[in-house]
Amino acid sequence: MTNSWQNQFSQDARLLPHLVDLPSDQVLLSHLTEGDYRKASFLDQRIITPQLQRQLVPWSELSAIDLPQTAKPQYIFHIGHVGSTLLSRLLGEIDEILALREPQLLRTLCEISQIKDEPESPWSPEMYEQRFSETVHWLSRSFDPDQRVMIKASSFVSELAPQLLATPTDALFLYAPLDRYIPTILAGEASVQETQMMAGARLKRLSRHLGDAPAHLWKLSLAQRVAMSWMCELVTLFVAEKASQAANILWMDFESFLDDPAGQLVSAASHFGLDLSEQKASELVSGPIMSSYSKAPEHDYSPNLRQELLAEANRDHAQAILGAIAWVEETAGRFPLVAEAINWIETRK
(Lines give C-alpha, C1' and ligand atoms only; values in the text may rest on other atoms or scores of the structure.)
Protein backbone atom coordinates (compact mmCIF):
# COMPACT_ATOMS: atom_id res chain seq x y z
CA MET A 1 0.00 0.00 0.00
CA THR A 2 1.52 3.30 -1.09
CA ASN A 3 1.27 6.52 0.89
CA SER A 4 1.64 5.70 4.57
CA TRP A 5 -1.17 3.48 5.76
CA GLN A 6 -1.56 5.79 8.76
CA ASN A 7 -2.32 8.73 6.45
CA GLN A 8 -4.74 6.67 4.41
CA PHE A 9 -6.52 5.45 7.53
CA SER A 10 -6.97 8.99 8.84
CA GLN A 11 -8.36 10.31 5.55
CA ASP A 12 -11.39 8.11 4.80
CA ALA A 13 -12.84 4.58 4.93
CA ARG A 14 -10.64 3.03 2.23
CA LEU A 15 -8.74 0.97 4.84
CA LEU A 16 -11.24 -1.26 6.64
CA PRO A 17 -10.17 -2.59 10.07
CA HIS A 18 -11.23 -6.00 8.92
CA LEU A 19 -10.16 -8.72 11.34
CA VAL A 20 -8.20 -8.89 14.59
CA ASP A 21 -5.59 -11.56 15.24
CA LEU A 22 -5.91 -11.93 19.00
CA PRO A 23 -2.67 -13.87 19.71
CA SER A 24 -0.49 -11.27 17.96
CA ASP A 25 -2.77 -8.31 18.78
CA GLN A 26 -2.73 -7.18 15.16
CA VAL A 27 -5.51 -5.83 12.95
CA LEU A 28 -5.90 -6.75 9.29
CA LEU A 29 -6.46 -3.63 7.19
CA SER A 30 -8.16 -4.31 3.85
CA HIS A 31 -8.29 -1.78 1.01
CA LEU A 32 -11.88 -1.22 -0.16
CA THR A 33 -13.32 1.31 -2.56
CA GLU A 34 -16.74 2.83 -2.04
CA GLY A 35 -17.98 0.44 -4.72
CA ASP A 36 -16.50 -2.53 -2.82
CA TYR A 37 -18.47 -1.55 0.29
CA ARG A 38 -21.62 -1.27 -1.80
CA LYS A 39 -21.18 -4.74 -3.28
CA ALA A 40 -20.18 -6.58 -0.11
CA SER A 41 -22.90 -8.56 1.66
CA PHE A 42 -20.56 -9.29 4.57
CA LEU A 43 -17.42 -7.50 5.73
CA ASP A 44 -15.78 -10.64 7.06
CA GLN A 45 -13.36 -13.28 5.77
CA ARG A 46 -15.66 -14.01 2.82
CA ILE A 47 -14.47 -10.90 0.97
CA ILE A 48 -10.81 -11.94 1.15
CA THR A 49 -9.48 -12.84 -2.30
CA PRO A 50 -5.95 -13.01 -3.74
CA GLN A 51 -6.64 -9.61 -5.32
CA LEU A 52 -7.60 -7.88 -2.06
CA GLN A 53 -4.85 -5.51 -0.88
CA ARG A 54 -4.34 -6.01 2.83
CA GLN A 55 -1.77 -5.86 5.60
CA LEU A 56 -1.48 -6.63 9.30
CA VAL A 57 -0.67 -3.75 11.66
CA PRO A 58 -0.30 -3.68 15.46
CA TRP A 59 -3.45 -2.55 17.27
CA SER A 60 -1.31 -0.12 19.26
CA GLU A 61 -0.16 1.65 16.08
CA LEU A 62 -3.71 1.90 14.79
CA SER A 63 -4.84 3.24 18.15
CA ALA A 64 -2.18 5.96 18.03
CA ILE A 65 -3.57 7.58 14.86
CA ASP A 66 -5.22 10.93 15.44
CA LEU A 67 -8.58 10.71 13.66
CA PRO A 68 -11.01 13.56 12.96
CA GLN A 69 -14.33 13.55 14.77
CA THR A 70 -17.09 11.77 12.86
CA ALA A 71 -20.82 11.34 13.28
CA LYS A 72 -21.80 8.26 15.26
CA PRO A 73 -22.90 5.35 13.07
CA GLN A 74 -26.56 4.54 12.62
CA TYR A 75 -27.57 0.91 13.00
CA ILE A 76 -29.78 -1.86 11.68
CA PHE A 77 -30.35 -4.65 14.22
CA HIS A 78 -32.50 -7.68 13.45
CA ILE A 79 -33.49 -11.21 14.44
CA GLY A 80 -31.98 -12.84 11.33
CA HIS A 81 -33.51 -13.64 7.93
CA VAL A 82 -35.91 -10.69 8.07
CA GLY A 83 -34.66 -8.50 5.23
CA SER A 84 -31.89 -6.61 7.03
CA THR A 85 -29.43 -7.00 4.15
CA LEU A 86 -32.15 -5.93 1.72
CA LEU A 87 -32.95 -2.77 3.74
CA SER A 88 -29.25 -2.04 4.09
CA ARG A 89 -28.74 -2.30 0.34
CA LEU A 90 -31.75 -0.10 -0.42
CA LEU A 91 -30.79 2.58 2.11
CA GLY A 92 -27.17 2.30 0.95
CA GLU A 93 -28.24 3.61 -2.45
CA ILE A 94 -28.86 7.01 -0.85
CA ASP A 95 -25.80 9.22 -1.40
CA GLU A 96 -25.50 10.30 2.23
CA ILE A 97 -25.11 6.70 3.47
CA LEU A 98 -22.10 4.39 3.55
CA ALA A 99 -23.56 0.99 4.41
CA LEU A 100 -21.38 -1.48 6.31
CA ARG A 101 -22.82 -4.98 6.46
CA GLU A 102 -21.77 -7.30 9.28
CA PRO A 103 -18.23 -6.04 10.01
CA GLN A 104 -16.22 -8.87 11.50
CA LEU A 105 -14.46 -6.63 14.02
CA LEU A 106 -17.82 -5.83 15.63
CA ARG A 107 -18.59 -9.55 15.89
CA THR A 108 -15.27 -10.13 17.65
CA LEU A 109 -16.03 -7.30 20.07
CA CYS A 110 -19.41 -8.86 20.80
CA GLU A 111 -17.83 -12.24 21.53
CA ILE A 112 -15.30 -10.68 23.90
CA SER A 113 -18.01 -8.60 25.59
CA GLN A 114 -19.65 -11.82 26.74
CA ILE A 115 -16.49 -12.92 28.62
CA LYS A 116 -14.77 -9.59 29.41
CA ASP A 117 -15.15 -10.14 33.17
CA GLU A 118 -14.07 -13.79 33.00
CA PRO A 119 -10.55 -15.22 33.47
CA GLU A 120 -10.43 -16.44 29.86
CA SER A 121 -10.97 -12.98 28.35
CA PRO A 122 -8.06 -11.95 26.09
CA TRP A 123 -8.51 -8.31 27.23
CA SER A 124 -9.02 -6.75 30.64
CA PRO A 125 -12.39 -5.04 31.21
CA GLU A 126 -10.65 -1.65 30.91
CA MET A 127 -8.95 -2.61 27.65
CA TYR A 128 -12.26 -3.89 26.29
CA GLU A 129 -13.96 -0.54 26.96
CA GLN A 130 -11.13 1.38 25.32
CA ARG A 131 -11.11 -0.87 22.27
CA PHE A 132 -14.88 -0.78 21.99
CA SER A 133 -14.72 3.02 21.65
CA GLU A 134 -11.83 2.82 19.21
CA THR A 135 -13.59 0.27 17.02
CA VAL A 136 -16.78 2.31 16.78
CA HIS A 137 -14.72 5.39 15.84
CA TRP A 138 -12.79 3.42 13.20
CA LEU A 139 -15.96 2.05 11.67
CA SER A 140 -17.57 5.51 11.59
CA ARG A 141 -15.15 6.81 8.94
CA SER A 142 -16.68 7.50 5.52
CA PHE A 143 -15.56 8.75 2.10
CA ASP A 144 -17.17 12.19 2.29
CA PRO A 145 -17.81 14.68 5.12
CA ASP A 146 -21.53 14.64 4.28
CA GLN A 147 -21.69 10.84 4.32
CA ARG A 148 -22.71 8.87 7.42
CA VAL A 149 -22.04 5.23 8.20
CA MET A 150 -24.96 2.84 8.69
CA ILE A 151 -23.95 -0.51 10.17
CA LYS A 152 -26.06 -3.59 9.58
CA ALA A 153 -24.95 -5.88 12.39
CA SER A 154 -24.97 -9.66 12.54
CA SER A 155 -27.99 -10.93 14.46
CA PHE A 156 -26.06 -12.02 17.56
CA VAL A 157 -24.32 -8.63 17.71
CA SER A 158 -27.65 -7.32 19.05
CA GLU A 159 -26.14 -8.24 22.42
CA LEU A 160 -23.96 -5.14 21.93
CA ALA A 161 -26.91 -2.90 21.05
CA PRO A 162 -27.34 -1.39 24.54
CA GLN A 163 -23.69 -0.28 24.51
CA LEU A 164 -23.75 0.88 20.88
CA LEU A 165 -26.96 2.84 21.52
CA ALA A 166 -25.95 4.30 24.88
CA THR A 167 -25.51 7.74 23.29
CA PRO A 168 -27.98 9.42 20.91
CA THR A 169 -28.16 7.81 17.48
CA ASP A 170 -30.75 6.17 15.20
CA ALA A 171 -31.48 2.47 14.86
CA LEU A 172 -33.86 0.22 12.96
CA PHE A 173 -34.99 -3.02 14.68
CA LEU A 174 -36.23 -5.57 12.13
CA TYR A 175 -38.32 -8.60 13.03
CA ALA A 176 -41.02 -10.92 11.68
CA PRO A 177 -43.97 -12.62 13.40
CA LEU A 178 -43.28 -16.15 14.62
CA ASP A 179 -45.77 -17.76 12.24
CA ARG A 180 -43.86 -16.25 9.30
CA TYR A 181 -40.38 -16.69 10.74
CA ILE A 182 -40.56 -20.46 11.24
CA PRO A 183 -41.50 -21.33 7.64
CA THR A 184 -38.97 -18.77 6.38
CA ILE A 185 -36.18 -20.70 8.08
CA LEU A 186 -37.54 -24.15 7.22
CA ALA A 187 -37.82 -23.16 3.55
CA GLY A 188 -34.06 -22.90 3.07
CA GLU A 189 -31.36 -25.52 3.48
CA ALA A 190 -28.74 -22.92 4.42
CA SER A 191 -30.98 -21.26 7.03
CA VAL A 192 -31.77 -24.65 8.58
CA GLN A 193 -28.05 -25.44 8.81
CA GLU A 194 -27.37 -22.05 10.37
CA THR A 195 -30.15 -22.59 12.92
CA GLN A 196 -28.74 -25.95 13.94
CA MET A 197 -25.22 -24.54 14.18
CA MET A 198 -26.25 -21.53 16.31
CA ALA A 199 -28.92 -23.23 18.43
CA GLY A 200 -26.67 -23.98 21.40
CA ALA A 201 -25.28 -20.45 21.60
CA ARG A 202 -28.73 -18.93 21.21
CA LEU A 203 -30.20 -21.12 23.94
CA LYS A 204 -27.35 -20.05 26.23
CA ARG A 205 -27.98 -16.37 25.44
CA LEU A 206 -31.74 -16.73 25.92
CA SER A 207 -31.22 -18.52 29.23
CA ARG A 208 -28.98 -15.70 30.43
CA HIS A 209 -31.64 -13.12 29.61
CA LEU A 210 -34.39 -15.16 31.26
CA GLY A 211 -32.40 -16.22 34.30
CA ASP A 212 -33.07 -19.90 33.63
CA ALA A 213 -33.05 -22.28 30.68
CA PRO A 214 -36.47 -22.58 29.00
CA ALA A 215 -35.61 -26.04 27.65
CA HIS A 216 -32.85 -28.56 27.01
CA LEU A 217 -31.49 -28.37 23.49
CA TRP A 218 -31.59 -32.10 22.93
CA LYS A 219 -35.34 -32.13 23.59
CA LEU A 220 -36.17 -29.52 20.96
CA SER A 221 -37.37 -30.45 17.49
CA LEU A 222 -36.04 -28.54 14.48
CA ALA A 223 -39.13 -26.30 14.41
CA GLN A 224 -38.79 -25.65 18.15
CA ARG A 225 -35.11 -24.76 17.67
CA VAL A 226 -36.18 -22.23 15.06
CA ALA A 227 -38.79 -20.86 17.47
CA MET A 228 -36.23 -20.73 20.28
CA SER A 229 -33.88 -18.77 17.98
CA TRP A 230 -36.70 -16.33 17.28
CA MET A 231 -37.33 -15.91 21.02
CA CYS A 232 -33.63 -15.39 21.70
CA GLU A 233 -33.17 -12.65 19.12
CA LEU A 234 -36.50 -10.96 19.86
CA VAL A 235 -35.85 -10.88 23.60
CA THR A 236 -32.35 -9.51 22.94
CA LEU A 237 -33.78 -6.63 20.89
CA PHE A 238 -36.49 -5.98 23.48
CA VAL A 239 -33.89 -5.81 26.26
CA ALA A 240 -31.89 -3.38 24.10
CA GLU A 241 -35.00 -1.25 23.54
CA LYS A 242 -35.58 -0.94 27.29
CA ALA A 243 -31.91 -0.15 27.97
CA SER A 244 -31.41 2.40 25.17
CA GLN A 245 -33.29 5.47 26.35
CA ALA A 246 -31.00 7.84 24.44
CA ALA A 247 -31.50 6.15 21.07
CA ASN A 248 -34.13 6.83 18.42
CA ILE A 249 -35.40 3.33 17.58
CA LEU A 250 -37.87 2.28 14.89
CA TRP A 251 -39.28 -1.26 14.95
CA MET A 252 -40.28 -2.64 11.55
CA ASP A 253 -42.09 -5.87 10.69
CA PHE A 254 -40.53 -7.25 7.51
CA GLU A 255 -43.92 -8.52 6.39
CA SER A 256 -45.23 -4.95 6.58
CA PHE A 257 -42.28 -3.82 4.50
CA LEU A 258 -43.09 -6.38 1.81
CA ASP A 259 -46.73 -5.25 1.77
CA ASP A 260 -45.68 -1.65 1.02
CA PRO A 261 -41.95 -1.57 0.23
CA ALA A 262 -41.81 1.96 -1.19
CA GLY A 263 -43.80 3.48 1.68
CA GLN A 264 -41.87 1.57 4.34
CA LEU A 265 -38.55 2.51 2.72
CA VAL A 266 -39.53 6.19 2.86
CA SER A 267 -40.44 5.74 6.54
CA ALA A 268 -37.11 4.06 7.31
CA ALA A 269 -35.18 6.77 5.45
CA SER A 270 -37.08 9.50 7.30
CA HIS A 271 -36.32 7.79 10.61
CA PHE A 272 -32.62 8.02 9.76
CA GLY A 273 -32.96 11.70 8.84
CA LEU A 274 -32.65 11.05 5.10
CA ASP A 275 -34.60 12.78 2.38
CA LEU A 276 -36.01 10.08 0.08
CA SER A 277 -38.83 10.97 -2.28
CA GLU A 278 -41.65 8.52 -2.97
CA GLN A 279 -40.59 8.46 -6.63
CA LYS A 280 -37.00 7.52 -5.79
CA ALA A 281 -38.20 4.90 -3.30
CA SER A 282 -40.47 3.39 -5.96
CA GLU A 283 -37.55 3.26 -8.38
CA LEU A 284 -35.37 1.51 -5.81
CA VAL A 285 -37.92 -1.15 -4.88
CA SER A 286 -38.74 -1.75 -8.56
CA GLY A 287 -35.08 -2.31 -9.39
CA PRO A 288 -32.71 -5.30 -9.25
CA ILE A 289 -32.11 -5.09 -5.47
CA MET A 290 -35.67 -6.32 -4.77
CA SER A 291 -35.52 -9.14 -7.31
CA SER A 292 -32.28 -10.77 -6.19
CA TYR A 293 -31.10 -12.52 -3.04
CA SER A 294 -29.54 -9.71 -1.00
CA LYS A 295 -26.80 -11.87 0.51
CA ALA A 296 -25.89 -13.27 -2.92
CA PRO A 297 -27.18 -10.84 -5.58
CA GLU A 298 -26.20 -13.16 -8.41
CA HIS A 299 -29.20 -15.34 -7.45
CA ASP A 300 -32.79 -14.35 -8.22
CA TYR A 301 -35.09 -14.13 -5.20
CA SER A 302 -38.22 -12.06 -5.61
CA PRO A 303 -41.04 -11.49 -3.08
CA ASN A 304 -43.23 -13.78 -5.21
CA LEU A 305 -40.68 -16.59 -5.06
CA ARG A 306 -40.45 -16.09 -1.31
CA GLN A 307 -44.22 -16.49 -0.97
CA GLU A 308 -44.10 -19.74 -2.96
CA LEU A 309 -41.34 -21.15 -0.75
CA LEU A 310 -43.19 -20.13 2.42
CA ALA A 311 -46.40 -21.79 1.22
CA GLU A 312 -44.49 -24.99 0.51
CA ALA A 313 -42.79 -24.93 3.93
CA ASN A 314 -46.14 -24.35 5.65
CA ARG A 315 -47.60 -27.37 3.84
CA ASP A 316 -44.64 -29.65 4.50
CA HIS A 317 -44.18 -28.72 8.17
CA ALA A 318 -47.70 -27.74 9.24
CA GLN A 319 -47.89 -29.82 12.42
CA ALA A 320 -44.33 -29.07 13.49
CA ILE A 321 -44.92 -25.34 13.06
CA LEU A 322 -48.12 -25.41 15.11
CA GLY A 323 -46.35 -27.38 17.81
CA ALA A 324 -43.46 -24.91 17.93
CA ILE A 325 -45.85 -21.94 18.19
CA ALA A 326 -47.69 -23.68 21.05
CA TRP A 327 -44.35 -24.27 22.78
CA VAL A 328 -43.48 -20.56 22.55
CA GLU A 329 -46.88 -19.68 24.03
CA GLU A 330 -46.24 -22.09 26.88
CA THR A 331 -42.75 -20.65 27.40
CA ALA A 332 -44.18 -17.12 27.48
CA GLY A 333 -46.47 -18.26 30.25
CA ARG A 334 -43.44 -19.28 32.32
CA PHE A 335 -41.16 -16.36 31.51
CA PRO A 336 -42.63 -12.84 31.72
CA LEU A 337 -39.80 -11.35 29.65
CA VAL A 338 -40.79 -13.50 26.67
CA ALA A 339 -44.42 -12.47 27.07
CA GLU A 340 -43.43 -8.78 27.28
CA ALA A 341 -41.30 -9.01 24.14
CA ILE A 342 -44.09 -10.69 22.18
CA ASN A 343 -46.63 -8.17 23.43
CA TRP A 344 -44.24 -5.36 22.39
CA ILE A 345 -44.27 -6.39 18.73
CA GLU A 346 -47.98 -7.25 18.82
CA THR A 347 -48.82 -3.68 19.87
CA ARG A 348 -46.85 -2.36 16.89
CA LYS A 349 -49.13 -3.91 14.29
Side-chain angles (χ1 to χ4, degrees), residues 41-42 46 76 78-90 101-102 152 154-156 174-200 202-203 206 215 217-234 237 252-265 285-332 342 345-346 348-349:
S41 299
F42 311 94
R46 284 170 282 190
I76 298 175
H78 57 98
I79 67 170
H81 300 280
V82 288
S84 59
T85 305
L86 174 60
L87 265 294
S88 173
R89 286 194 181 279
L90 291 168
R101 286 178 277 277
E102 306 202 20
K152 196 279 286 198
S154 306
S155 59
F156 66 85
L174 275 167
Y175 67 96
L178 181 60
D179 62 349
R180 300 292 283 179
Y181 184 82
I182 298 176
T184 296
I185 302 302
L186 296 180
E189 182 179 346
S191 54
V192 167
Q193 291 176 348
E194 179 189 275
T195 294
Q196 297 283 38
M197 181 178 66
M198 297 182 69
R202 280 175 164 156
L203 181 56
L206 179 60
L217 185 61
W218 68 82
K219 293 182 179 179
L220 298 180
S221 67
L222 172 58
Q224 287 175 321
R225 292 182 183 202
V226 175
M228 179 274 295
S229 299
W230 179 85
M231 275 195 291
C232 169
E233 301 301 349
L234 181 65
L237 288 184
M252 181 177 290
D253 180 348
F254 184 50
E255 298 300 322
S256 298
F257 170 81
L258 291 176
D259 289 340
D260 179 21
Q264 292 288 302
L265 183 59
V285 302
S286 300
I289 293 177
M290 282 289 288
S291 59
S292 60
Y293 183 47
S294 291
K295 293 181 180 178
E298 66 274 15
H299 298 296
D300 293 337
Y301 190 74
S302 66
N304 287 338
L305 176 58
R306 178 178 181 271
Q307 292 299 336
E308 293 174 10
L309 294 173
L310 288 182
E312 181 179 348
N314 274 312
R315 287 194 303 270
D316 294 346
H317 305 280
Q319 292 305 309
I321 291 172
L322 289 175
I325 292 172
W327 175 70
V328 169
E329 292 172 349
E330 183 270 331
T331 303
I342 293 173
I345 61 172
E346 287 290 331
R348 261 139 196 80
K349 289 184 178 178

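By convention here, the first residue in the shown sequence is residue 1. Nothing here was measured: the structure is a model prediction, and the numbers come from that model.
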Of all heavy-atom pairs between [X] and [Y], which one has the smallest distance, and what is that distance?
| X | Y | value |
| --- | --- | --- |
| Asp253 | Pro177 | OD1-CD, 3.4 Å |
| Ala320 | Ala223 | O-CB, 3.5 Å |
| Thr184 | Arg180 | OG1-O, 2.6 Å |

Next item on the list: Test side-chain contact (heavy atoms from CB on, under 4.5 Å) on Ile182 and His317 and set out the steps.
Entry: CA-CA 10 Å; Ile182 298 176; His317 305 280; over 6 Å; no
Once you round to the nearest 0.5 Å, how far does [atom1] of [X] lie from [atom2] of [Y]?
| X | Y | atom1 | atom2 | result |
| --- | --- | --- | --- | --- |
| Leu203 | Met228 | CG | CE | 5.0 Å |
| Leu186 | Thr195 | CG | OG1 | 8.0 Å |
| Leu265 | Met290 | CG | CE | 9.0 Å |
| Ile289 | Ser88 | CD1 | OG | 9.5 Å |
| Ser155 | His78 | OG | NE2 | 5.5 Å |
| Ser229 | Glu194 | OG | CD | 8.5 Å |

Check: Between Arg306 and Glu255, is a salt bridge (Lys or Arg N to Asp or Glu O under 4.0 Å) present by the stated rule, with each step listed?
Finding: CA-CA 11 Å; Arg306 178 178 181 271; Glu255 298 300 322; 2.7 Å; yes
Check: Does Arg225 use its side chain to pair, donor to acceptor, with the backbone of Ala199 at less than 3.5 Å?
Finding: no
State, with a plain yes or no, whether a side-chain heavy atom of [X] is found less than 4.5 Å away from one of [Y].
| X | Y | value |
| --- | --- | --- |
| Arg348 | Met252 | no |
| Gln224 | Trp327 | yes |
| Ile342 | Trp230 | yes |
| Leu178 | Leu234 | no |
| Val82 | Phe257 | no |
| Leu258 | Gln264 | no |
| Arg202 | Leu206 | no |
| Ile321 | Pro183 | yes |

Note to self: Would Met198 and Phe156 count as a side-chain contact (heavy atoms from CB on, under 4.5 Å) here? Give the steps.
What the structure shows: CA-CA 10 Å; Met198 297 182 69; Phe156 66 85; 4.0 Å; yes
Next item on the list: Start with the C-alpha gap between Leu174 and Ile79, add the side-chain angles, then the distance that decides, and say whether side-chain contact (heavy atoms from CB on, under 4.5 Å) holds.
Entry: CA-CA 7 Å; Leu174 275 167; Ile79 67 170; over 6 Å; no
Next item on the list: Tell me, please, which residues at least two apart from Glu330 pass salt bridge (Lys or Arg N to Asp or Glu O under 4.0 Å).
Entry: Arg334
Next item on the list: Please report the C-alpha distance between Arg101 and Ile76 in whole Å, then the side-chain angles of each, then the deciding distance to 0.1 Å, and finally whether the side-chain contact (heavy atoms from CB on, under 4.5 Å) criterion is met.
Entry: CA-CA 9 Å; Arg101 286 178 277 277; Ile76 298 175; over 6 Å; no
Item checked: Identified side chain to side chain donor-acceptor pair (under 3.5 Å) partner of Ser41 from the options Arg46, Lys152, Arg89 -> Arg89
